[in-house]
There are 2 protein chains.
Amino acid sequence: MAARTPRPAGTPEDLGRTPGLRERKKQQTRYALVQAAHVLFLSQGFARTTVDEIASAVDVSQRTFFRYFANKDEVALAVMADAEDYFIECLRHRPAEETPLQALRASIVKAWRDLGNAKASGPGSISSALELMRMIEDAPTLLAAHLRRVTEQERIVVRVLAEREGLDPREDLRPTVLAAVFGSVLRAAHLSWTADREPEGPEGMIALIERHFDQLGPALTGHWRA
Amino acid sequence: MAARTPRPAGTPEDLGRTPGLRERKKQQTRYALVQAAHVLFLSQGFARTTVDEIASAVDVSQRTFFRYFANKDEVALAVMADAEDYFIECLRHRPAEETPLQALRASIVKAWRDLGNAKASGPGSISSALELMRMIEDAPTLLAAHLRRVTEQERIVVRVLAEREGLDPREDLRPTVLAAVFGSVLRAAHLSWTADREPEGPEGMIALIERHFDQLGPALTGHWRA
DNA sequence: TTGCCGAATGTCAGCGGCTGACATAATCTG
DNA sequence: CAGATTATGTCAGCCGCTGACATTCGGCAA
């Protein structure tokens with residue numbers, strides 16, 4: 001996080017301040033690394049791309065790369081990480097009248113829609129994030145890292161839900177359980193996205209997510225046989 | 001799998017046959033590696049144990065280790081893998097009258113209980129599996145690998161559920177969604193287990209799982225505020 | 001401008017996970 | 001016992017990743 005949205009050093013006061021040259025250069029380098037990495041990953045695959053390649057594509061030493069990203073996985077997942085942050089932001093601003101489940105569902109739809117409208121193409125865009133998802137699914141270590149990130153995100157969701165409803169997640173299990181269920185439904189939708197590639201663009205993904213959500217009730221209740 | 005429950009080469013007929021010396025030796029080596037690994041992991045931590053150590057503890061070359069396990073993670077998760085297989089077995093034998101959700105819940109409880117009764121201590125036992133879970137939770141790459149395994153297991157659950165209810169998982173999303181939800185509830189229970197260490201032994205874990213299941217309905221419906 | 005401080009980067013050496021290739025030794029089969 | 005299989009050892013090497021130290025660059029005040 002601190003690396004993703006860094007602050008100019010100093011008191012919390014100077015938030016809107018234009019960061020100095022040093023800070024801007026860092027942002028640039030980081031961005032360039034992400035870009036270069038994505039291009040290489042998508043063209044020749046994740047495993048067959050070495051960190052050295054990425055670094056030298058940006059004219060930076062390998063050591064520097066590892067000062068920006070803890071490992072090769074992280075640079076691949078950087079774009080998704082931003083999207084996840086935005087989702088949390090959406091969740092924080094849902095009206096209090098909504099049911100927790102409704103708030104989650106509305107947030108994820110809004111997040112996808114906004115990001116879809118924001119920048120239609122180019123690196124760091126939604127479409128490249130979607131390509132990324134396919135890549136993740138068949139690069140074992142990458143998938144593993146991604147799943148780990150997702151569960152960390154779930155922890156945050158638990159916190160936000162608990163605050164919102166004013167209860168202690170250590171006593172009341174509902175936030176934990178709901179966050180877990182929500183995460184699993186999303187993951188199922190993602191998987192389904194990578195499998196059949198029917199729907200196109202963010203709207204297709206949103207539709208898929210909705211369809212999965214609609215099956216939550218039916219899946220949990222009664223028998224399924226006709 | 002093939003490595004976990006290998007068959008003597010030949011026709012499917014000779015299933016019960018005592019495998020030859022070669023096969024027995026392989027099993028032995030494999031078992032010894034798992035054992036040595038666990039001892040080392042639990043005594044000095046996962047990261048601080050090298051593959052060379054494990055291999056030489058069993059008097060085997062490093063290269064041989066990697067012929068038995070694709071990576072260091074795999075040997076750590078081997079025990080849990082067996083437990084997961086047993087759970088699938090339980091699920092396959094649940095009576096058809098049960099609701100899918102009921103069947104899943106009953107299977108996981110039965111699996112834990114049986115494994116708990118089977119062998120109270122020693123390596124490969126439940127208690128060591130429980131210790132393992134704590135280890136997993138704070139070894140990032142290990143956690144990642146574990147999560148990947150879990151999602152693969154979910155795929156199998158989808159298949160079994162679909163067969164059981166006689167429907168096509170590509171058309172009907174309910175098996176997928178239910179399997180995902182089930183997995184997430186389990187994971188939440190596991191996490192809670194590693195956090196508070198109140199309950200002791202398999203029965204404590206079973207209780208935790210049940211408590212989480214009981215919150216499924218409440219978590220999904222209505223408002224939470226009093 | 002100058003000069004200093006701290007932060008970012010480069011360089012180098014090295015560990016450990018993991019793999020391919022080939023040789024050797026052990027089992028199996030007839 | 002002989003020849004075909006298969007497991008194992010050895011060796012060389014790539015790549016991800018890290019610590020230590022030197023160097024350069026931006027920020028800031030005299």
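Quick note on labels: first sequence line is chain A, next is B, and so on, each numbered from 1. Note that the structure is predicted; figures quoted are calculated from it, not measured.
Picking from D:dG19, C:dA8, C:dT19 the nucleotide with the shortest atom distance to the side chain of A:Tyr68 gives C:dA8. Ranking D:dT10, D:dC17, C:dG10 by closeness to the A:Thr64 side chain, first place goes to C:dG10. Here the nucleotide nearest the side chain of B:Gln62, chosen from C:dC18, D:dG9, D:dC17, is C:dC18. With distances taken from any side-chain atom of A:Arg22 to the nucleotides D:dC17, C:dC18, D:dG27, the minimum falls on D:dG27. The side chain of A:Phe66 has D:dT18 as its nearest neighbour among C:dG17, D:dT18, C:dA8.
Between the side chains of A:Thr49 and A:Gln44, at least one donor N or O sits under 3.5 Å from an acceptor N or O.
Across all strands, A:Thr50 comes closer than 4.0 Å only to sugar-phosphate atoms, never to a base (heavy-atom distances). Note on B:Asp73: nothing from the nucleic acid sits closer than 4.0 angstrom, heavy atoms only. When heavy atoms are screened at a 4.0 angstrom cut-off, A:Thr49 is found touching the sugar-phosphate backbone but no base atom.
Nucleotide C:dA26 holds its P atom 14 Å from the CG atom of B:Asp59, rounded to whole Å. Going from atom CD of B:Gln28 over to atom P of D:dT8 covers 11 Å, rounded to whole Å. The distance between atom CG of A:Leu33 and atom P of C:dA8, rounded to the nearest whole Å, is 15 Å. Between the CG atom of B:Asp52 and the C1' atom of C:dG17 there is a distance of 9 Å, rounded to whole Å. Protein atom CG of B:Asn71 is 15 Å distant from nucleotide atom C1' of D:dC15, rounded to whole Å. In this structure, the CZ atom of B:Phe69 is 19 Å from the C1' atom of C:dG16, given to the nearest Å. As rounded to whole Å, 10 Å separates atom P of D:dG27 from atom CD of A:Glu23.
Ranked by how close their nearest DNA chain C nucleotide is to the 5' end, B:Arg63 and A:Phe65 are led by A:Phe65. Nearest-nucleotide positions on DNA chain D place A:Phe46 closer to the 5' end than the other of A:Arg67 and A:Phe46.
Heavy-atom minimum distance, B:Ala81 versus B:Arg149: CB-NH2, 3.5 Å.
Residue B:Lys72 places no side-chain N or O under 4.0 Å from the OP1 or OP2 atom of C:dC18. For the OP1/OP2 pair of C:dT27 and a distance below 4.0 Å, the side-chain nitrogens and oxygens of B:Lys25 include at least one atom meeting the criterion.
Separating the CZ atom in B:Phe182 from the CD atom in B:Glu154 is a distance of 9.0 Å, to the nearest 0.5 Å.
In this structure, the side chains of A:Glu210 and A:Arg105 come closer than 4.5 Å at one or more pairs of heavy atoms. Between B:Gln27 and B:Tyr31 there is no side-chain heavy-atom pair separated by less than 4.5 Å.
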